[in-house]
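See below for the structure under consideration.
Lettering follows sequence order; numbering is per chain, from 1.
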Amino acid sequence: MQKSLLIALIVTVIGAVVIHQFGSALPAYAAFILGAVIVATVLSIMPNSASPSSDAKYVGPTKTLYVGNLPYRVHENEVKELFAKYGPVNSVRLVRDRKTGRRKGFGFVEMSDTGADKALGKLNDYSFQERTLKVREARSQESSSDREQ
DNA sequence: GCTGAGCGA
């Protein structure tokens with residue numbers, strides 16, 4: 001949001017300079033206003049590239065999965081891509097020691113409810129990087145949208 | 001630099 005405003009301001013200033021170079025008849029403030037109008041028009045024309053404030057996060061019934069027996073050299077993106085085949089992955093957190101930074105070999109994957117169910121059935125005991133993954137539902141902090149009542 | 005069961009600051 002604020003980054004977009006900063007970019008818009010920079011583009012506005014650059015556009016104002018360009019416009020000022022084009023027509024010297026226009027004053028500087030008029031060129032600035034014209035540049036602002038142009039930027040506003042461009043931002044309103046293409047909202048697909050500028051309006052999505054965050055990533056393609058999945059909003060809905062989400063469930064946190066526990067992933068154990070992970071290889072130490074695996075990265076979060078690989079786990080994310082692996083689980084993304086069965087459902088929209090919201091976030092991946094690989095647990096590592098905070099002071100030493102060494103990986104503990106397990107992590108948590110937050111994804112959609114249905115995708116988590118499918119991923120649990122497909123990726124449990126799945127041979128990944130010469131390791132057998134252990135996928136279980138997380139014990140605490142179950143669903144963020146489906147509260148217990 | 002290492003390891004192998006593990007539910008997270």
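Remark: A119(A) pairs with L65(A), F83(A), Y86(A), M111(A), L123(A) by the side chain to side chain contact (heavy atoms under 4.5 Å, CB included) rule, at least two apart or across chains. Residues satisfying the side chain to side chain contact (heavy atoms under 4.5 Å, CB included) test with Y66(A), not counting sequence neighbours, are F106(A), F108(A), R136(A).
Atoms CG and CG, on L120(A) and L133(A) in that order, are 11.5 Å from each other to the nearest 0.5 Å. How far CD of E137(A) is from CG of D117(A): 9.0 Å, rounded to the nearest 0.5 Å.
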For residues 96-104 of chain A, please give each side-chain donor-acceptor pair under 3.5 Å, one per line with the distance, not counting sequence neighbours.
{"residue": "D97(A)", "atom": "OD1", "partner": "K99(A)", "partner atom": "N", "Å": "3.1"}
{"residue": "D97(A)", "atom": "OD1", "partner": "K99(A)", "partner atom": "NZ", "Å": "3.4"}
{"residue": "D97(A)", "atom": "OD1", "partner": "T100(A)", "partner atom": "N", "Å": "3.3"}
{"residue": "D97(A)", "atom": "OD1", "partner": "T100(A)", "partner atom": "OG1", "Å": "3.4"}
{"residue": "T100(A)", "atom": "OG1", "partner": "R102(A)", "partner atom": "N", "Å": "3.4"}
{"residue": "R103(A)", "atom": "NE", "partner": "Y72(A)", "partner atom": "O", "Å": "3.4"}
{"residue": "R103(A)", "atom": "NH1", "partner": "Y72(A)", "partner atom": "O", "Å": "2.4"}
{"residue": "R103(A)", "atom": "NH1", "partner": "V74(A)", "partner atom": "O", "Å": "2.7"}

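Nucleotides of DNA chain B nearest to R96(A) and G105(A) differ in position, and the one nearer the 5' end is that of G105(A). A residue-by-residue look at R98(A) and R103(A) shows that R103(A) has its nearest nucleotide of DNA chain B further toward the 5' end.
In the set dC2(B), dA9(B), dG4(B), the nucleotide with an atom closest to the side chain of K104(A) is dA9(B). Here the nucleotide nearest the side chain of Y66(A), chosen from dA9(B), dG6(B), dG4(B), is dG6(B).
L65(A) places its CG atom 17 Å from the C1' atom of dG6(B), with the value rounded to the nearest Å. Distance CZ (R136(A)) to P (dA5(B)): 19 Å, rounded to an integer number of Å. With rounding to whole Å, D97(A) atom CG is found 13 Å from dG6(B) atom C1'. In this structure, E130(A) places its CD atom 18 Å from P of dG4(B), rounding to the nearest Å.
Judged as a side-chain hydrogen bond (donor to acceptor under 3.5 Å, both in side chains), the pairs with a partner in residues 122-133 of chain A (not counting sequence neighbours) are, in order, D125(A)-K134(A).
Near DNA chain B, meaning a heavy atom under 4.0 Å away, the residues from residues 70-79 of chain A are L70(A), P71(A), Y72(A).
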